[in-house]
Each structure stands twice: as C-alpha cells, then as structure tokens.
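Take a look at the structure set out below.
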Amino acid sequence: MKKGAEAVPGVEVNVWRVPETLPEDVLGKMHATPGREDHPVITARQLAEADGILFGFPTRFGMMAAQMKAFFDSTGGLWQAQSLAGKPAGVFFATGTQGGGQETTALTAVTQLTHHGMLFVPVGYTHGAGMFGMDEVKGGSPYGAGTFAGADGSRVPSDAELALAAHQGKYFAGVAKKLKAV
C-alpha cells in the first residue's frame, strides 16, 4: 500500500496501528504476532488530519478484529463534529484462511465509513488481469487488497497479493489527491 501510494507525486504516507485491547498474557496464549513498534499507535483525532485513509484489517470471523472496532468506537467526537465527512477511505485485509471473510469484512467496515460520511473508494477491477488469474491462491477482491496469513499467521503475502496492494495504494492516492484539489 505504502509503496504504491508514495509512487504518486506529492503524496505523503503515514503508517499507524491501533491500540491493542488484549493483555500481553492473552496475546501470548493466542500466539499473536507482536505489534510493530516501528508503527506508532494512532489516536482517533489524528484521522481528521489525513486527506484520505486506507484502513487495514485483520479479520475475525468475517469482520474486523475487535481492536479495530474499538478504535472506530472511539471516533464518536469526530462523528459529532463531522471531521471525517467527505474524506476518501479504502480497506484492505489479512485473513487466516480462504473463506475467512475478506468481502464480509469490507461490507461491515463500510458501515463505519458511511456513518462518518466518508467516501468509500474500492479498488474495483482496476488492477485488470491481475484480478482474474486463477493459477494461484491469493487474497483480495474489488473491495480491497488482501492476503491469506494462514491459520497460524506464518504465510507471507504472495507477489500477486503485493502487486494488488501496491496498485490499490497508488489508485487510492491518486483519487485522494484529486479530491483534495477540488
């Protein structure tokens, strides 16, 4: 995502993570991957400073993980002030398995964006032939890029998944830049 978005001249990209809601001992029992310390934790207020936002979700049972939902729940003040209204937003995913809910996660995430008045920018089929290949297992859909992490989280994104992510980042950044100019 970041590489693709930064390919658009004049676009600046920040990568953030949402606050963790589970205690360390529970995360350890779940064999959860440690948080990326190189990505700072975002506050809801920081969303208002962005010209566009791509939300990345780990999926849990066909919807965004509870940590993401808790973060959205913290945006009530932004909703009340309409601070995110008119901002472009997109989504991308990581699921443990095929059938893990990438599209249902997108559909349920759109409700969060809609209540804020954000403009959902799906990737659609703008990646062309890369969207139609059936020669390998790959995540992603017209709603957004995706990867299958494996049930134990050990699978890394494939080249095809990374290509869709870079495309979505570039596509989204182009749309956000055009909207900002209006």
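The first residue of the sequence shown is numbered 1, and numbering continues consecutively from there.
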Review point. Can you tell me if Glu6 uses its side chain to pair, donor with acceptor, with the backbone of Gly169 under 3.5 Å?
Key: no
Check your understanding: Taking a hydrophobic cluster as the set of Ile, Leu, Val, Met, Phe, Trp and Tyr residues connected by side-chain heavy atoms closer than 4.5 Å, whether directly or through intermediates, do Leu164 and Leu162 fall within one such cluster?
Key -> no
Check your understanding: Hey, does Val15 have a side-chain heavy atom less than 4.5 Å from the side chain of Lys2?
Key -> yes
Exercise for review: Kindly check if the number of other-residue, nucleotide or ligand heavy atoms within 6.0 Å of NZ (Lys170) is above 12?
Suggested key: no
Exercise for review: Start with the C-alpha distance between Phe92 and Phe55, add both sets of side-chain angles, then the distance that settles side-chain contact (heavy atoms from CB on, under 4.5 Å), and finish with yes or no.
Suggested key: CA-CA 6 Å; Phe92 61 100; Phe55 293 100; 6.0 Å; no
**Study point:** Polar side-chain atom of Lys87 near backbone of Ala48 as donor-acceptor pair, under 3.5 Å
**Key:** yes
**Study point:** Shortest non-hydrogen contact between Thr111 and Thr108, atoms and distance
**Key:** OG1-O, 2.6 Å
Practice item. Could I get the full list of salt bridge (Lys or Arg N to Asp or Glu O under 4.0 Å) partners for Lys69, not counting sequence neighbours? Key: Asp73
Review point. How about Phe71 and Ile42: do any of their side-chain heavy atoms sit closer than 4.5 Å?
Key: yes
**Study point:** Non-neighbouring partners of Glu103 that pass side-chain contact (heavy atoms from CB on, under 4.5 Å), sequence neighbours left out
**Key:** Ser141, Pro142, Tyr143
**Study point:** Closest non-hydrogen atom pair, Gly62 against Thr104
**Key:** O-OG1, 2.7 Å
Practice item. Keeping to residues at least two apart or across chains, list the side-chain hydrogen bond (donor to acceptor under 3.5 Å, both in side chains) pairs with something in residues 40-49. Key: Thr43-Gln46
Check your understanding: Which residues pass the ring-ring contact (aromatic ring centres under 6.0 Å, His included) test with Phe148, sequence neighbours left out?
Key -> none
Study note, to complete from the structure: Hits for side-chain hydrogen bond (donor to acceptor under 3.5 Å, both in side chains) against Ser154, two or more places apart or cross-chain, chain-then-number order -> Asp152
Revision key, fill the gap. For Ala106 and Phe93 the tightest heavy-atom approach is CB-CZ, 3.4 Å
Review point. Would Val18 and Ile53 show up in the same hydrophobic cluster when neighbours are defined by side-chain heavy atoms closer than 4.5 Å?
Key: yes
Practice item. Applying side-chain contact (heavy atoms from CB on, under 4.5 Å), run through Val13 and Met1 and close with a yes or a no. Key: CA-CA 9 Å; Val13 178; Met1 289 294 162; over 6 Å; no
Point to revise | Partners passing side-chain contact (heavy atoms from CB on, under 4.5 Å) against Val182 (at least two apart in sequence or in another chain) | key: none
Review point. Should side-chain heavy atoms under 4.5 Å link Ile, Leu, Val, Met, Phe, Trp and Tyr, which residues sit in the same cluster as Trp79?
Key: none
Check your understanding: Roughly how far, to the nearest 0.5 Å, is CE of Met63 from CG of Leu107?
Key -> 12.0 Å
**Study point:** Summary of salt bridge (charged side-chain N to carboxylate O under 4.0 Å, His left out) pairs that have at least one residue in residues 153-162, sequence neighbours excluded
**Key:** Arg155-Glu161
Point to revise | Qualifying residues under side-chain hydrogen bond (donor to acceptor under 3.5 Å, both in side chains), relative to Asp51, sequence neighbours excluded | key: Lys180
What side-chain donor-acceptor pairs closer than 3.5 Å can you find for residues 116-137, not counting sequence neighbours?
| unit_1 | atom_1 | unit_2 | atom_2 | d |
| --- | --- | --- | --- | --- |
| His116 | NE2 | Thr75 | OG1 | 2.8 |
| Thr126 | OG1 | Val123 | O | 2.7 |
| Thr126 | OG1 | His167 | NE2 | 2.7 |

Check your understanding: With sequence neighbours excluded, what pairs up with Gln102 under the side-chain hydrogen bond (donor to acceptor under 3.5 Å, both in side chains) test?
Key -> Thr95
Review point. Do Val41 and Trp16 have side chains that get closer than 4.5 Å, going by heavy atoms?
Key: no
Revision key, fill the gap. Residues Thr21 and Ala70: closest non-hydrogen pair is CG2-CB, 4.1 Å
Review point. Where the side chain of Thr147 meets the backbone of Ala94, is there a donor-acceptor pair that is under 3.5 Å apart?
Key: no
Review point. Is any side-chain heavy atom of Phe72 closer than 4.5 Å to a side-chain heavy atom of Met64?
Key: yes
Practice item. Quick one: list whatever passes side-chain hydrogen bond (donor to acceptor under 3.5 Å, both in side chains) with Thr114, sequence neighbours left out. Key: none
Check your understanding: What are the two closest heavy atoms between Leu78 and Leu84, and how far apart are they?
Key -> CD1-CD1, 4.1 Å
Exercise for review: Side-chain contact test, heavy atoms from C-beta onward, threshold under 4.5 Å: evaluate it for Val8 versus Lys177 and give yes or no.
Suggested key: yes
